[in-house]
Amino acid sequence: MRIAVIGGGPGGLYFAYLWKRRHPDAHIDLFEQNPEGATWGFGVVFSEQALEFLRADDPETVDAITPRMESWKNITLNLRGESVEIDGIGFSSIGRLELLTILQQRVRAVGVAARYDTTIQSLDELAGYDLIVAADGLNSLVRRGFEKEFGASVSHSTNKFAWYGTSKRFATLSQTFVKTDRGSFNAHHYRYSPAMSTFLVECDAATWRSYGFEHKTIEESQAICEEIFAETLDGHPLVSNKSVWRNFPWIWNENWSHGNRVLIGDALHTAHFSIGSGTRLAIEDAIALTKALEAESDIPAGLARYQAERKPIVQKLVTAARTSADWYEHFPEHMKLDLMDFAYSYITRSGRIADARLRAMSPEFMARYEATKKIGSQA
């Protein structure tokens, strides 16, 4: 089988590696528009299981990635100079470039022909391939070429965000909420290497306009964010990597394939950064597509199976992500709550964590929260 993979992000790389490793006779070409050593952004974060979902099928890749990851067990929320830790919420992170480098090495090791600095301008260039795997991200050429056939929809959150890095290391995945005389800001920050952290700054549209960010250069915006979060950064600068202000894009496709073209990762669906699942979803898509194609006798049946089995799983997570994102759309209102009510509102925002589960998962936090409620009822 001749397969073209468009896009050299985690999903595209992992599908190419996995299929070639399991089917050595297959011919796979991977096309990536960026140079091999380039990427956008800083760290990527995974929930507590990190990449353990890979271990049953691919322990070698897990063993290559996990030693390079930073891990922690708590979430820290900072509001009005106070902090609260929510215990038992484990995460791991790794630099996006480091993750890509590991996957690129594995792709080369199995003999995939990866072509970097190569932009596919038209799908006509891919005539002759039996299967085209579109892992080409938010602005997918394949999806845009067949929007009606895929049942594609694209919308955007109203909040603005800019994705920075910093040399300040943070003990846990943390969020700092700051109110200024011109609006409110939130920073999502966590370490992803011994020397660097992600620092994603978010604000609502009214605050963004109040600061005139639409007229600011990248450098001017960065300086303003450094000033707003000066106490949090503790003298460390922000680091920019194409750190422009953006609105989070919501991408969904009712149909996951059209002819011999199939979507995975951000080309297919997006999940808000507040639940930290984008990279994992892309890799899991690659695994699901591989297994579905292997389970059927021809490509159309395999693609149909991929959608039938994977879509309900992704829909559930995307629904939770939208609920989480809605909480952030109104975070200035939530900031008016006292610290413990604010933290409870935050941790239950996706609708997936009821009190009983939270008591089992985060016993120290829930004991503190319920104690404040008891004291409040007696006052």
Side-chain angles (χ1 to χ4, degrees), residues 1-32 46 51 53-58 60-62 99-100 103-104 106-107 110-114 120 123 126 129-138 140-143 145-146 149-152 251-271 277-318:
M1 180 158 42
R2 288 175 53 81
I3 301 175
V5 179
I6 310 177
L13 286 168
Y14 197 73
F15 174 81
Y17 158 72
L18 196 59
W19 190 267
K20 185 67 173 178
R21 192 194 73 178
R22 294 162 73 133
H23 305 275
D25 294 337
H27 178 93
I28 302 179
D29 291 315
L30 185 147
F31 303 92
E32 167 56 41
F46 298 87
L51 296 173
F53 65 93
L54 288 176
R55 187 168 290 283
D57 296 317
D58 189 7
E60 296 88 357
T61 296
V62 175
L99 175 62
L100 290 177
L103 295 177
Q104 288 164 357
R106 303 195 77 72
V107 161
V110 295
V112 170
I120 301 299
L123 292 181
L126 302 178
Y129 286 98
D130 301 300
L131 178 67
I132 298 172
V133 179
D136 48 345
L138 302 174
S140 170
L141 172 71
V142 177
R143 187 191 68 245
F146 298 94
E149 290 81 358
F150 283 118
I251 293 171
W252 182 255
N253 292 268
E254 281 301 314
N255 305 313
W256 289 23
S257 64
H258 171 61
N260 69 337
R261 309 163 195 88
V262 62
L263 306 174
I264 68 172
D266 283 350
L268 174 60
H269 48 62
T270 54
S277 295
T279 300
R280 175 173 179 167
L281 277 174
I283 293 174
E284 286 183 331
D285 286 348
I287 296 169
L289 177 58
T290 297
K291 291 183 175 180
L293 289 168
E294 289 176 339
E296 299 293 343
S297 59
D298 58 43
I299 290 174
L303 297 182
R305 187 185 188 108
Y306 164 59
Q307 175 173 325
E309 294 182 347
R310 178 79 177 136
K311 188 176 180 180
I313 297 170
V314 175
Q315 278 181 314
K316 185 180 293 186
L317 195 143
V318 168

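The figures that follow rest on heavy atoms only: side chains count, while hydrogens, waters and symmetry mates do not.
Put simply, CZ on F15 and CD1 on I264 are 7.5 Å apart, with the number rounded to the nearest 0.5 Å. To the nearest 0.5 Å, the span separating CG on D58 from CZ on R106 amounts to 6.0 Å. Taking CG of D285 as the start and NZ of K311 as the end, the distance is 13.0 Å to the nearest 0.5 Å. Taken from CG in N260 to CD1 in I132, the straight-line distance is 4.5 Å, to the nearest 0.5 Å. Here the CD atom belonging to E60 is positioned 11.0 Å from the CG atom belonging to L54, to the nearest 0.5 angstrom. A distance of 11.5 Å separates CG of L317 from CD of Q315, quoted to the nearest 0.5 Å.
Nearest heavy atom pair, residue A267 against residue S140, reads CB-CB, 3.6 Å. Scanning both residues, N253 and A152, for their nearest heavy atoms gives OD1-CB, 3.2 Å. Across L281 and A271, no two heavy atoms sit closer than the pair CD1-CB, 3.8 Å. In terms of heavy-atom proximity, A135 sits nearest to G11 at CB-C, 4.4 Å. Of all the heavy atoms in A16 and V5, the pair that sits closest is CB-CG2, 4.4 Å.
Side-chain atoms of R143 come within 3.5 Å of backbone atoms of L138 as a donor-acceptor pair (strictly under, hydrogens ignored). Looking only at distances, a side-chain donor or acceptor of D136 sits under 3.5 Å from a matching main-chain atom of L141. A donor-acceptor contact shorter than 3.5 Å links the side chain of D130 to the backbone of R2. Side chain of E32 to main chain of G8: a donor-acceptor pair is present (N/O by atom type, distance under 3.5 Å, no hydrogens or angles).
A donor atom on one side chain and an acceptor atom on the other are not found under 3.5 Å apart for R22 and T290. Residues D266 and T270 bring no donor and acceptor atom of their side chains to less than 3.5 Å of each other.
The aromatic rings of Y129 and F31 sit perpendicular to each other, their planes meeting at more than 60°, with 30° as the lower class boundary.
Put simply, the side chain of W19 does not reach to within 4.5 Å of the side chain of L289, judged on heavy atoms. Between Q104 and L13 there is a side-chain heavy-atom pair separated by less than 4.5 Å. Side chains of L123 and I6 form a contact here, defined as non-hydrogen atoms less than 4.5 Å apart. Under the 4.5 Å side-chain criterion, counting only non-hydrogen atoms from C-beta, L126 is not in contact with R261. Side-chain contact between K291 and R305: absent, with no pair of heavy atoms (C-beta onward) separated by less than 4.5 Å. Side-chain contact between L100 and P10 is present, with heavy atoms from C-beta onward closer than 4.5 Å. Contact annotation: the side chain of L131 approaches that of L303 to within less than 4.5 Å [non-hydrogen atoms, C-beta and beyond]. With contacts defined as side-chain heavy-atom distances shorter than 4.5 Å, the pair I287/Y14 qualifies.
The side-chain hydrogen bond (donor to acceptor under 3.5 Å, both in side chains) check on K20 picks up nothing, with sequence neighbours excluded.
Applying the ring pair (Phe, Tyr, Trp, His ring centres under 6.0 Å) test to pairs two or more places apart or on separate chains, those with a residue in residues 278-318 are W256-Y306.
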